[in-house]
Each structure stands twice: as structure tokens, then as C-alpha cells.
Amino acid sequence: MIIDTDKLNPEHEGFCYDPKQGQLFRVKEIAITSIDSLNSNQGTFKGQAKRLTHIIFFLMSGRWPEKEKVVDHKNGNIHDSRWENLREASRAQNQQNRPPPGRWKDNELGLETGVRVAPSGNFRVVVSGSYLGTFLTAAEANNQARLARRVLHGEFDYNNREVPDADLHE
């Protein structure tokens, strides 16, 4: 990678970012260090420790994430820091963009997150602590759970997200 050091923004403290590859670099004198080579998710910016994704957000948007907000990886892969994969989110939204603990969408019965088999053999739906009913078929229950999560969590719902292509090692 060739960097014209005369074109570096002095406000960026020597950081530069490749949004297509999701790589953050720091230029110091004549050396360029790939942030990927550092074993940390933080860097020092103007004397303060900052998360690397927050530095990327600042470099790309010209502002820091709002107070009490984080930078979320849309596809859930924390190593995929391409700009198209990053977005500002509340902590609650960020938590929704994670796989549920101990529960997979494609389990052996094909049940969505929030759907359980009731003792009667019917399918009970509980999403975010709200009971939404009991259904005769798994398909009906799955549809109700999917709709509820979409309404409650929108684009941040782990089960309903669209994952951008990640060709990181071309």
C-alpha cells in the first residue's frame, strides 16, 4: 500500500483507513503499521484510548459515535471492519445482533428463536419476554416469532439480518 503522507489529515493522528478491505493503518514517520497486526481492539487517538471501530467511524464520518452508542458489525464478524459492514447502534441494538446463547435457527425441529414445543405438542411463542400465543404448527409459530422480532428489533435482529458479502482475503 502506498500512502502519500502529504495528503494525510493532521486531525487524524496518523490513522488512515481502507473502507473496502476494512483495514486500519497508522503512519509514524516512515513506517506503516497495519492495525490488524496489533493484538488489541484499541488505539490511542489524541492521547485517549479509543476502540478501533470508533476511530474508523470518526475517519469515515467526521464525528465520533454518539454518547452511549457503539459501532456494530452488521454481519456479526468483529474481524470484518469494512465500512459497509459498520453502523452506529445503541447497546441494546448491538445485543440483538448476536446469536442467541445455546439456540440456533436451524435446529433439528427448524424452530425460530422464541419458539418452544409446549407439553401439549403445540408451539408456544415468547419473544423478548412477551407471550404471543400457542400455535398448532411450527410454520405458524415461526412466522409469528419472525414478525415479532422484526417489529421489535428491525435490522438489528440476528435472525433476520442481511449479511453483506465478505471477501476479505482476495
Is any side-chain heavy atom of Phe123 closer than 4.5 Å to a side-chain heavy atom of Val117?
yes
Minimum heavy-atom distance Trp64-His54, with the two atoms named:
CZ3-O, 3.4 Å
Compare all side-chain heavy atoms of Gln144 with those of Val127 and state whether any distance is below 4.5 angstrom.
no
Backbone of Asp80 reached by a side-chain donor or acceptor of Asn85 within 3.5 Å:
yes
Side chain to side chain contact (heavy atoms under 4.5 Å, CB included) for His73 and Leu86? Distances and angles first, verdict last.
CA-CA 5 Å; His73 294 81; Leu86 300 177; 3.4 Å; yes
Here the pair of heavy atoms bringing Gln93 nearest to Ala89 is OE1-CA, 3.4 Å
How close do Arg124 and Tyr131 get, heavy atom to heavy atom, and via which atoms?
CG-CE1, 3.6 Å
Judged by modelled atom types alone, do Arg146 and Asn143 share a side-chain donor-acceptor pair under 3.5 Å?
yes
Count I, L, V, M, F, W, Y as connected when their side-chain heavy atoms are under 4.5 Å apart, and connections chain through other members. Are Phe58 and Val70 then in the same cluster?
no
Any sub-3.5 Å donor-acceptor pair from Tyr17's side-chain atoms to Trp83's backbone N or O?
yes
Short side-chain to backbone donor-acceptor contact, Glu88 and Lys69, under 3.5 Å
no
With the side chain counted from C-beta on, respond yes when Val125 and Phe135 share a heavy-atom pair under 4.5 Å apart, and no when they do not.
yes
Say whether Val115 and Leu152 are linked into one hydrophobic cluster, either directly or through other cluster members, by side-chain heavy-atom distances under 4.5 angstrom.
yes
Can you check whether Glu112's main-chain N or O pairs, donor with acceptor, with Asn142's side chain at less than 3.5 Å?
yes
Contact check, side chains of Ser81 and Ile56, non-hydrogen atoms, under 4.5 Å
yes
